Amino acid sequence: MQIAVIGAGPAGMVAAIEAARNGADVVLYEKNKKVGKKLATTGNGRCNYTNLVMDAEKYRGEDPQFAWKVISSFDERETIAYFQKLGIEPKMRGGYVYPNSDQASSVVSALLDELEHQKVMIRYESIVKEIRRENGKFLVMTQEGKRGFDRVILTAGSCAAPATGSDGSGYRMAEKLGLRKIWAVPALTAIRCSGTQYKDMAGVRADAQLTLKSGKTVLAEERGELQLTDYGISGIPVFQISRFAAYALERKEIVAVYISFFPGKSREEILRLLEQRKEQLFYKPAGKFLQGLLNQKLGDAFLKLCNIDAAMPVAELTTKNLKALSGMLTEYKAEAVSVNPFAQAQCAAGGIATGELNPETMEAWSVPGLYLAGEILDVDGICGGYNLQWAWSSGILAGRSASIKQQ
């Protein structure tokens with residue numbers, strides 16, 4: 001049986017390995033000069049390749065349960081064992097799992113070694129332009145010509161991180177074969193906000209509670225280390241909510257992130273704290289009123305936003321001033337204008353609808369012999385190794401299923 005795998009990212013590599021292990025003659029098409037280009041950059045080059053805290057809540061999409069069915073067929077424990085057999089010993093940091101080498105390159109190298117061991121033919125710098133279905137065969141069209149295959153596994157990625165080769169071409173190939181696509185937006189990325197105050201806050205990190213709203217509707221909530229940039233907000237909690245912000249902005253909704261720099265504390269509690277500080281620090285200038293309570297850059301920016309002169313005595317702060325500051329500290333409103341583009345996104349939300357596939361095999365219902373896996377599908381996980389787990393689970397299931405001779 002001859003199988004083409006389109007795209008040598010995480011899902012494509014394991015799909016090709018599993019299909020070859022089952023005896024298939026596999027050709028892996030990759031547009032780059034080497035495999036795993038995006039994988040080599042994950043986890044800041046350390047490759048957080050799975051997570052021990054695995055559940056359905058970690059995945060998003062039109063049907064998050066689809067992802068969970070697939071991951072349940074090849075879970076995080078099986079993933080760790082799989083890579084141990086390839087020579088990758090795990091290192092745990094909380095629930096996060098990394099290679100003991102702390103090098104993503106070692107994971108890429110181990111997969112490449114296994115591809116070569118399984119005699120997978122890798123066609124580098126090969127751009128697949130189209131997949132056609134003719135006379136029970138699939139014709140894979142490249143700049144070098146065409147070749148027929150019994151089955152095809154499409155793992156061409158999304159639009160995220162286009163510098164690594166993800167350009168959305170997989171979407172177009174799948175749509176041309178009749179599969180439905182969910183509109184794709186950047187995910188796991190920063191949010192750009194209106195206002196010039198962010199230049200004054202840039203570089204500050206703070207534990208914060210974030211509530212994303214469209215009008216009065218809460219779209220998502222997250223807590224963690226917020227990073228303020230010269231254009232808005234970033235950090236893991238922002239990444240986690242960015243896909244919801246992106247879709248709301250696509251719908252032309254008014255989107256804002258309400259930030260509490262004192263998670264768990266109410267506006268009234270912070271107001272009482274500020275009143276107490278006024279009594280204690282009456283002799284200081286207002287510019288030092290928040291010193292020791294808040295990062296100085298952030299405090300200076302908030303005083304400015306509340307029109308409080310840094311030179312005025314703390315004793316002269318009014319109730320109105322203190323209420324404005326307590327609101328700023330617990331319900332700061334960051335008005336979103338956009339999310340960072342695909343070029344700066346870790347993954348995409350949206351993609352080919354999972355309803356097009358059988359979750360037990362990853363085969364397209366309407367195109368027998370066509371399988372899809374990885375980020376090309378409408379599945380996106382939160383930060384922490386969840387997107388790579390999706391790639392391993394879906395790729396391995398697709399590779400095994402596609403190489404079964406009788407279905």
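Everything quoted here is computed from the prediction, not taken from an experiment.
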Is there a donor-acceptor contact under 3.5 Å from the side chain of Asn51 to the main chain of Val53? yes
Nearest 0.5 Å please: distance from the NZ atom of Lys333 over to the OG1 atom of Thr211. 13.5 Å
May I ask you to check whether over 12 heavy atoms, not counting those of Lys146, lie within 6.0 Å of atom NZ? no
Beyond-backbone contact of Val27 with Val140, side-chain heavy atoms, under 4.5 angstrom: no
Shortest non-hydrogen contact from Pro186 toward Ala246: O-CB, 3.8 Å
Ring-face cation contact, Phe138 with Arg132, 6.0 Å cut, 45° max: no
Mark yes or no for whether Asp378, through its side chain, and Ile182, through its backbone, hold a donor-acceptor pair below 3.5 Å. no
If every non-hydrogen atom of Asn387 is compared with every non-hydrogen atom of Gly381, which pair is closest and at what distance? OD1-N, 2.7 Å
Less than 4.5 Å apart, any side-chain heavy atom of Phe66 and any of Leu357? yes
Are side-chain heavy atoms of Leu39 and Leu111 found at a separation under 4.5 Å? yes
Does Phe74 offer a backbone N or O that forms a donor-acceptor pair with the side chain of Ser393 under 3.5 Å? yes
Looking at Glu175 and Lys181, is any side-chain nitrogen of the basic one under 4.0 Å from a carboxylate oxygen of the acidic one? no
Write down the atom of Ser394, the atom of Gly374, and the distance for their closest heavy-atom approach. OG-N, 3.0 Å
Are the side chains of Ile270 and Phe261 in contact, using a 4.5 Å heavy-atom criterion? no
Let me confirm one number: the CG-CD distance from Asp113 to Gln118, rounded to the nearest 0.5 Å. 11.5 Å
Less than 4.5 Å apart, side chain to side chain, heavy atoms only: is that true for Asp150 and Lys137? yes
Apply side-chain contact (heavy atoms from CB on, under 4.5 Å) to Asp230 and Met201, showing your working. CA-CA 7 Å; Asp230 60 0; Met201 303 177 184; over 6 Å; no
Looking at Lys37 and Glu30, does any basic side-chain N land under 4.0 Å from a carboxylate oxygen? no
For the atom pair CG (Asp167) and SG (Cys159), what is the distance rounded to the nearest 0.5 Å? 7.5 Å
Please check: side-chain N/O of Gln240 versus main-chain N/O of Cys383, any donor-acceptor pairing under 3.5 Å? yes
Sidechain-backbone polar pair: Asn48 side chain, Gly43 backbone, donor-acceptor under 3.5 Å: no
OG of Ser403 to CD of Gln2, rounded to nearest 0.5 Å, is 14.0 Å
Give a yes or no answer on whether the side chain of Thr330 reaches the backbone of Ser260 with a donor-acceptor pair at less than 3.5 Å. no
I'd like to know if the side chain of Thr79 reaches the main chain of Asp75, judged simply by a donor and an acceptor atom lying under 3.5 Å from each other, with no hydrogens or angles considered. yes
With distance as the sole criterion, is a donor-acceptor pair present between the side chains of Glu363 and Ser401 under 3.5 Å? no
Would you say the side chain of Leu219 lies within less than 4.5 Å of the side chain of Tyr247, judging by non-hydrogen atoms? no
For Arg77, I'd like to know if atom CZ has over 12 heavy atoms of other residues, nucleotides or ligands within 6.0 Å. no
Can you tell me if NZ on Lys91 sees more than 12 non-hydrogen neighbours from other groups inside 6.0 Å? yes
Please tell me whether Glu375 and Ser158 have a donor and an acceptor in their side chains that are separated by less than 3.5 angstrom. yes
Do Glu18 and Asn22 have a side chain donor and acceptor closer than 3.5 Å? no
Restricting to pairs with a member in residues 339-357, which pass side chain to side chain donor-acceptor pair (under 3.5 Å), not counting sequence neighbours? Arg192-Asn340, Tyr231-Asn340
Full working for side-chain contact (heavy atoms from CB on, under 4.5 Å) between Arg147 and Tyr29: CA-CA 12 Å; Arg147 178 170 171 177; Tyr29 290 92; 4.1 Å; yes
Please name the pair of heavy atoms, one in Lys278 and one in Leu322, separated by the smallest distance, quoted to 0.1 Å. CD-CD1, 4.2 Å
Can you find a heavy atom in the side chain of Leu325 that is under 4.5 Å from one in the side chain of Phe289? yes
Are the side chains of Met54 and Ile71 in touch, meaning some heavy atoms are under 4.5 Å apart? yes
Here the pair of heavy atoms bringing Ser326 nearest to Leu274 is N-CD1, 3.7 Å
Euclidean distance, Met13 CE relative to Ile17 CD1, rounded to 0.5 Å: 7.5 Å
Within 45° of the six-membered ring axis of Tyr98 and under 6.0 Å from that ring's centre, is NZ or CZ of Arg93 located there? yes
Are Asp25 and Lys119 close enough, and set up right, to give a salt bridge (charged side-chain N to carboxylate O under 4.0 Å, His left out), and what steps lead you there? CA-CA 8 Å; Asp25 178 8; Lys119 296 181 171 52; over 6 Å; no
So, applying side chain to side chain contact (heavy atoms under 4.5 Å, CB included) with Met362, which one of Leu377, Leu372, Ile396 is it? Leu377
Got a sec: does the CE of Met92 have more than 12 other heavy atoms crowding it under 6.0 Å? yes
Could you go through Val26 and Ile153, starting from their C-alpha distance and side-chain angles, then the distance that decides it, and tell me whether this counts as side-chain contact (heavy atoms from CB on, under 4.5 Å)? CA-CA 10 Å; Val26 181; Ile153 305 174; over 6 Å; no
Answer yes or no: does atom CD of Glu360 have more than 12 heavy-atom neighbours from other residues, nucleotides or ligands under 6.0 Å? no
Over 12 non-hydrogen atoms of neighbours within 6.0 angstrom of CG in Asn44: no
Considering all heavy atoms of both residues, which atom of Arg277 and which atom of Leu290 are nearest to each other, and what is their separation? NH2-C, 3.9 Å
Backbone N/O of Leu188 and side chain of Ser242: donor-acceptor pair under 3.5 Å: yes
Indicate yes or no for a side-chain donor-acceptor contact from Ser109 to the backbone of Ser105 under 3.5 Å, with no hydrogens or angles considered. no
Does the pair Gln389 and Tyr59 meet the rule for a side-chain contact (heavy atoms from CB on, under 4.5 Å), with working shown? CA-CA 11 Å; Gln389 181 59 56; Tyr59 293 93; 3.8 Å; yes
Out of curiosity, Asn321 CG to Met312 CE, how far, rounded to the nearest 0.5 Å? 5.5 Å
Arg123, CZ atom: more than 12 neighbouring heavy atoms under 6.0 Å: no
Hey, is the main chain of Gly136 close enough, under 3.5 Å, to the side chain of Arg133 for a donor-acceptor pair? yes
Is it the case that over 12 heavy atoms from other parts of the model lie below 6.0 angstrom from the CD atom of Gln143? yes
